[in-house]
K.L.:
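Have a look at the structure that comes next, please.
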Amino acid sequence: MTVQMSKSSAVYEELRDGIVNGRYSPGYRLTLSTLAREFGVSTVPVREAIRWLQAEGLVEYTHNVGAQVSQIDISGYAESFATLAYLEGVATGLAAKELSADQIARARGINAEMRYLVQANQFDAAAYRRLNGKFHSLLCSACPNTRVLTLLTAEAERVTLIRRSSFSFDSKRSSASVEQHSHLLDLIESGADAETIEAYARQHKLASLERSLHIAAT
């Protein structure tokens, strides 16, 4: 029983990561036999993993079609992104004094990679999106409030799913975001109080929401 559950958990983690990161796009059919061959297991742990994902809303079951990755509902995007902005602001503010010099240096390195992308002749939006998520995850990682981090992770995944399928980054607006990242790191390194850092991180995220909605409307 323990071995079977371990297989189910492993398949669940692989499938979930694939859905969140776009390897399995909305509408992708999750065929038990195909996935079982892909993961080198029987159909039993695959079926169990799909049930867990269905309970999370990441997978839906349609009669005569079977299990497939859930379609994206963009109607709640603004609400989810605003929620993420407040959670990320709180997490960044609480984490600021816990971040090590090495972590801040790594964040500056990630931001430097993002700056390089926006200055390149051909903007790689997918690479920029990955680095942006990595940057903010790093700044929030030292937050001592694990409940805030749990809620933040769930909301960030929801936003990532919608943003990847329905919204895009562009180099001009992303350039402004990179400069805001630099200022946020300056605030953290200078020892600014948690409230100031929280407010700036929140406004930075809300500004990103406004840019996304503007792009979607044009």
Side-chain angles (χ1 to χ4, degrees), residues 3-85 87-88 110 114 117 122-137 140 149-171 174 205 208-209 211-218:
V3 173
Q4 186 60 62
M5 287 302 294
S6 176
K7 288 182 179 179
S8 298
S9 297
V11 173
Y12 163 80
E13 292 295 340
E14 286 288 336
L15 282 176
R16 196 178 194 284
D17 181 71
I19 292 171
V20 171
N21 291 302
R23 190 165 77 252
Y24 305 112
S25 57
Y28 182 91
R29 291 189 63 183
L30 300 170
T31 307
L32 293 179
S33 58
T34 301
L35 292 171
R37 285 194 298 272
E38 180 181 341
F39 297 122
V41 297
S42 71
T43 58
V44 177
V46 176
R47 184 181 291 109
E48 185 71 11
I50 288 176
R51 285 174 181 164
W52 295 344
L53 292 166
Q54 188 176 359
E56 289 186 51
L58 293 175
V59 167
E60 57 192 19
Y61 185 86
T62 305
H63 184 62
N64 293 329
V65 175
Q68 58 186 9
V69 177
S70 298
Q71 297 293 333
I72 300 299
D73 177 14
I74 66 172
S75 61
Y77 176 71
E79 185 175 280
S80 289
F81 206 112
T83 302
L84 177 61
L87 288 170
E88 196 166 283
I110 294 169
M114 296 172 72
L117 287 177
Q122 188 170 357
F123 181 58
D124 188 338
Y128 180 92
R129 181 185 294 113
R130 288 192 296 271
L131 288 170
N132 186 61
K134 190 176 180 181
F135 176 87
H136 287 289
S137 294
C140 294
L149 283 179
T150 299
L151 294 171
L152 172 60
T153 299
E155 210 62 47
E157 289 182 349
R158 185 176 294 109
V159 167
T160 296
L161 284 168
I162 301 173
R163 196 172 203 175
R164 189 189 61 245
S165 62
S166 307
F167 297 91
S168 61
F169 290 93
D170 69 274
S171 58
S174 296
K205 208 69 177 180
S208 182
L209 170 60
R211 289 194 296 272
S212 296
L213 295 177
H214 175 75
I215 292 170
T218 56

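In this chain, residues are counted from 1 in sequence order. Just so you know, these numbers use all the heavy atoms, side chains as well, and skip hydrogens, waters and symmetry mates.
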K.L.:
Any chance you could measure Gln71, atom CD, to Thr62, atom OG1, to the nearest 0.5 Å?
P.N.:
9.0 Å

K.L.:
Once you round to the nearest 0.5 Å, how far does CG of Asn132 lie from OG of Ser208?
P.N.:
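Rounded to the nearest 0.5 Å, the CG-OG separation comes to 6.5 Å.
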
K.L.:
Give the minimum heavy-atom separation between Ala82 and Leu209, together with the two atoms involved.
P.N.:
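For Ala82 and Leu209, the tightest heavy-atom pair comes out as N-CD2, 4.3 Å.
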
K.L.:
Looking only at heavy atoms, which two atoms of Glu14 and Phe39 are closest? And how far apart?
P.N.:
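Nearest pair, atom of Glu14 first, then Phe39: CB-CE2, 3.6 Å.
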
K.L.:
Any non-hydrogen side-chain atom of Pro45 less than 4.5 Å from a side-chain atom of Tyr12?
P.N.:
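Counting from C-beta outward, Pro45 and Tyr12 never come under 4.5 Å.
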
K.L.:
Starting at CD of Glu79, measure out to CZ of Arg158 and round the result to the nearest 0.5 Å.
P.N.:
9.5 Å

K.L.:
If I take atom OH from residue Tyr24 and atom CD1 from residue Ile19, how far apart are they, to the nearest 0.5 angstrom?
P.N.:
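Result: 8.5 Å between the selected atoms.
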
K.L.:
Whether the side chain of Ser8 engages the backbone of Ala49 through a donor-acceptor N/O pair (distance < 3.5 Å, no angle test) should be reported.
P.N.:
no

K.L.:
Are Asp17 and Arg23 packed together at the side-chain level, in the sense that at least one heavy-atom pair is separated by less than 4.5 angstrom?
P.N.:
yes

K.L.:
Nearest 0.5 Å, please: how far is CG in Leu84 from NE2 in His136?
P.N.:
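These two atoms lie 9.0 Å from each other.
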
K.L.:
Working note: Val65 + Arg29, criterion side-chain contact (heavy atoms from CB on, under 4.5 Å); need CA distance, chi angles, decisive distance, verdict.
P.N.:
CA-CA 8 Å; Val65 175; Arg29 291 189 63 183; 4.2 Å; yes

K.L.:
Measure across Leu117 and Phe123 and return the closest heavy-atom pair with its distance rounded to 0.1 Å.
P.N.:
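Nearest pair, atom of Leu117 first, then Phe123: O-CD1, 3.5 Å.
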
K.L.:
CD/Glu13 to CH2/Trp52 distance, rounded to the nearest 0.5 angstrom?
P.N.:
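Interatomic distance, Glu13 CD to Trp52 CH2, rounded to 0.5 Å: 9.0 Å.
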
K.L.:
Using a 4.5 Å cut-off on heavy atoms from C-beta on, say whether the side chain of Leu35 contacts that of Val41.
P.N.:
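Sidechains of Leu35 and Val41: no contact.
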
K.L.:
State, with a plain yes or no, whether a side-chain heavy atom of Gln68 is found less than 4.5 Å away from one of Leu30.
P.N.:
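Side chain of Gln68 against side chain of Leu30, heavy atoms only: no contact under 4.5 Å found.
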
K.L.:
Measure across Ala67 and Val59 and return the closest heavy-atom pair with its distance rounded to 0.1 Å.
P.N.:
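Closest heavy-atom pair between Ala67 and Val59: CB-CG1, 4.1 Å.
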
K.L.:
Can Val69 and Leu53 be said to form a side-chain contact (heavy atoms from CB on, under 4.5 Å), step by step?
P.N.:
CA-CA 9 Å; Val69 177; Leu53 292 166; over 6 Å; no

K.L.:
What are the two closest non-hydrogen atoms of Gly57 and Ser70, and how far apart are they?
P.N.:
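That closest heavy-atom pairing would be O-OG, 2.9 Å.
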
K.L.:
Where do Glu157 and Arg16 land on the salt bridge (Lys or Arg N to Asp or Glu O under 4.0 Å) test, with the steps shown first?
P.N.:
CA-CA 10 Å; Glu157 289 182 349; Arg16 196 178 194 284; 2.6 Å; yes

K.L.:
Side chains of Met114 and Ser174: does their closest heavy-atom pair fall under 4.5 Å?
P.N.:
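No; the side chains remain at least 4.5 Å from each other.
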
K.L.:
Would you say the side-chain atoms of Ser80 and Glu155 include a donor-acceptor pair closer than 3.5 Å?
P.N.:
yes

K.L.:
Work out which heavy atom in Phe81 is nearest to a heavy atom in Lys205; give both atom names and the distance.
P.N.:
CE2-O, 3.1 Å

K.L.:
Test side-chain contact (heavy atoms from CB on, under 4.5 Å) on Thr83 and Leu151; report intermediate values, then the result.
P.N.:
CA-CA 10 Å; Thr83 302; Leu151 294 171; over 6 Å; no

K.L.:
So do Leu58 and Leu15 actually touch side chain to side chain, heavy atoms under 4.5 Å?
P.N.:
no

